[in-house]
Amino acid sequence: MAHHRGSNPETNPNTRLYNPYQDLNLQVPITNLYKLPTSPEFLFPEESLHQRRSWGENVTFYTGSAYLGGSVSGAAVGLFSALRDFEQGDTLKLKINRILNNSGHTGRSWGNRIGVVGLIYAGMESGVVAVTDRDDVWSSAAAGLATGAVCRAARGVRSAAVAGALGGLAAGAVVAGKQVLKRYVPI
């Protein structure tokens, strides 16, 4: 329903709002039907105590974020690689083709690799949280350690240990940084 800018159709006496429930003779105030709560509603009170994502949401979020970040980073690396590989006699069409091919190939490759790391991290973090029933910096650091170790396990124990340590430090730093930003940076 169109109304003039600045006029409120609820307070304007010349305007009648359409009410699809007017003929139903409901005993409930109509506003209760379409004024929805702004916070989530939980079936059981215990669910409201745990303010964290489910394992399915974790898998979707971390895998998607990692794939997107890897794809964008890989496309940027492919772009610079294509710009570096230009030759003297290349036409504009050939340059554009080289840029698109390098960016697309490198972006897909990096996106897939880093997306798999995000998938493994999501599984590890959900597993650690399920076992310990705690969602804190230490759970994320343990998941990062396990992810790094799993991703480099095929290259040997030493490589797995180094990657695990780096993964644990990186995950712990990211979560600690997020908590610091939440606490000290007003949004």
Side-chain angles (χ1 to χ4, degrees), residues 38-40 42 47-48 50-86 90 92-187:
T38 57
S39 62
F42 297 100
E47 291 176 332
S48 66
H50 298 290
Q51 297 294 325
R52 58 180 164 217
R53 292 189 289 264
S54 69
W55 71 269
E57 292 169 332
N58 259 356
V59 167
T60 304
F61 176 74
Y62 286 126
T63 305
S65 298
Y67 181 81
L68 181 64
S71 295
V72 170
S73 301
V77 168
L79 172 70
F80 290 119
S81 173
L83 294 175
R84 189 186 63 228
D85 292 343
F86 282 166
D90 286 349
L92 179 63
K93 190 173 182 178
L94 186 60
K95 289 178 182 179
I96 291 172
N97 188 17
R98 183 171 285 153
I99 288 172
L100 291 175
N101 284 341
N102 277 358
S103 296
H105 176 72
T106 309
R108 280 189 310 274
S109 176
W110 281 41
N112 288 336
R113 289 178 185 168
I114 297 175
V116 167
V117 172
L119 177 66
I120 295 170
Y121 177 79
M124 293 293 179
E125 186 186 48
S126 294
V128 168
V129 169
V131 168
T132 62
D133 199 33
R134 289 180 26 206
D135 189 12
D136 56 2
V137 176
W138 299 110
S139 300
S140 297
L145 188 140
T147 301
V150 166
C151 288
R152 290 294 184 171
R155 295 189 180 192
V157 175
R158 183 176 180 164
S159 180
V162 170
L166 290 175
L169 288 173
V174 167
V175 173
K178 179 182 165 190
Q179 289 178 353
V180 166
L181 284 176
K182 245 191 224 181
R183 184 172 191 172
Y184 294 113
V185 177
I187 294 176

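The model shown is predicted, which means the values in this text are computed figures rather than measured ones. Excluded from the calculations below are hydrogen atoms, water molecules and symmetry mates; all remaining heavy atoms, backbone and side chain alike, are included. Sequence positions, counted from 1, serve as the residue numbers for this chain.
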Handout entry: Short side-chain to backbone donor-acceptor contact, Ser159 and Arg155, under 3.5 Å
Key = no

Exercise for the section: Would you mind checking if Asp85 and Arg98 are paired as a salt bridge, meaning a charged N to carboxylate O distance below 4.0 Å? Expected result: no

Exercise for the section: Compare every heavy atom of Gly172 with every heavy atom of Val137, then report the nearest pair and how far apart it is. Expected result: CG1-O, 3.9 Å

Exercise for the section: Report yes if the side chains of Arg152 and Val162 come closer than 4.5 Å at any heavy-atom pair, otherwise no. Expected result: no

Exercise for the section: Identify the heavy atoms of Val129 and Ser139 that sit nearest to each other, and give their distance. Expected result: CG2-CB, 4.2 Å

Handout entry: Closest heavy-atom pair and its distance - Gly118, Ala66
Key = CA-CB, 3.9 Å

Exercise for the section: Take atom CZ of Arg113 as the centre, draw a 6.0 Å sphere, and report whether it contains more than 12 heavy atoms from other residues, nucleotides or ligands. Expected result: no

Problem - Contact summary for Ala163 and Gly148, nearest pair of heavy atoms - result: CB-O, 3.3 Å

Problem - Donor-acceptor contact present, side-chain Asp90 to main-chain Phe86, <3.5 Å - result: no

Practice task
Could you tell me whether a side-chain N or O of Ser65 sits under 3.5 Å from a main-chain N or O of Phe61, the two making a donor and an acceptor?
Solution key: yes

Exercise for the section: Give, for atom OG of Ser126 and atom CG of Asp135, the distance between the pair rounded to the nearest 0.5 Å. Expected result: 9.0 Å

Handout entry: Shortest non-hydrogen contact from Thr63 toward Leu119
Key = OG1-CA, 3.3 Å

Problem - Sequence neighbours excluded - ring-ring contact (aromatic ring centres under 6.0 Å, His included) pairs with any residue from residues 112-137 - result: Tyr62-Tyr121

Exercise for the section: Quick one: do Asn97 and Lys93 satisfy side-chain contact (heavy atoms from CB on, under 4.5 Å)? Show the steps, please. Expected result: CA-CA 6 Å; Asn97 188 17; Lys93 190 173 182 178; 5.8 Å; no

Completion exercise
Taken to the nearest 0.5 Å, the spacing of Thr147 OG1 from Leu166 CG works out to 13.0 Å

Problem - Within 6.0 angstrom of Phe80 CZ, more than 12 heavy atoms from elsewhere - result: no

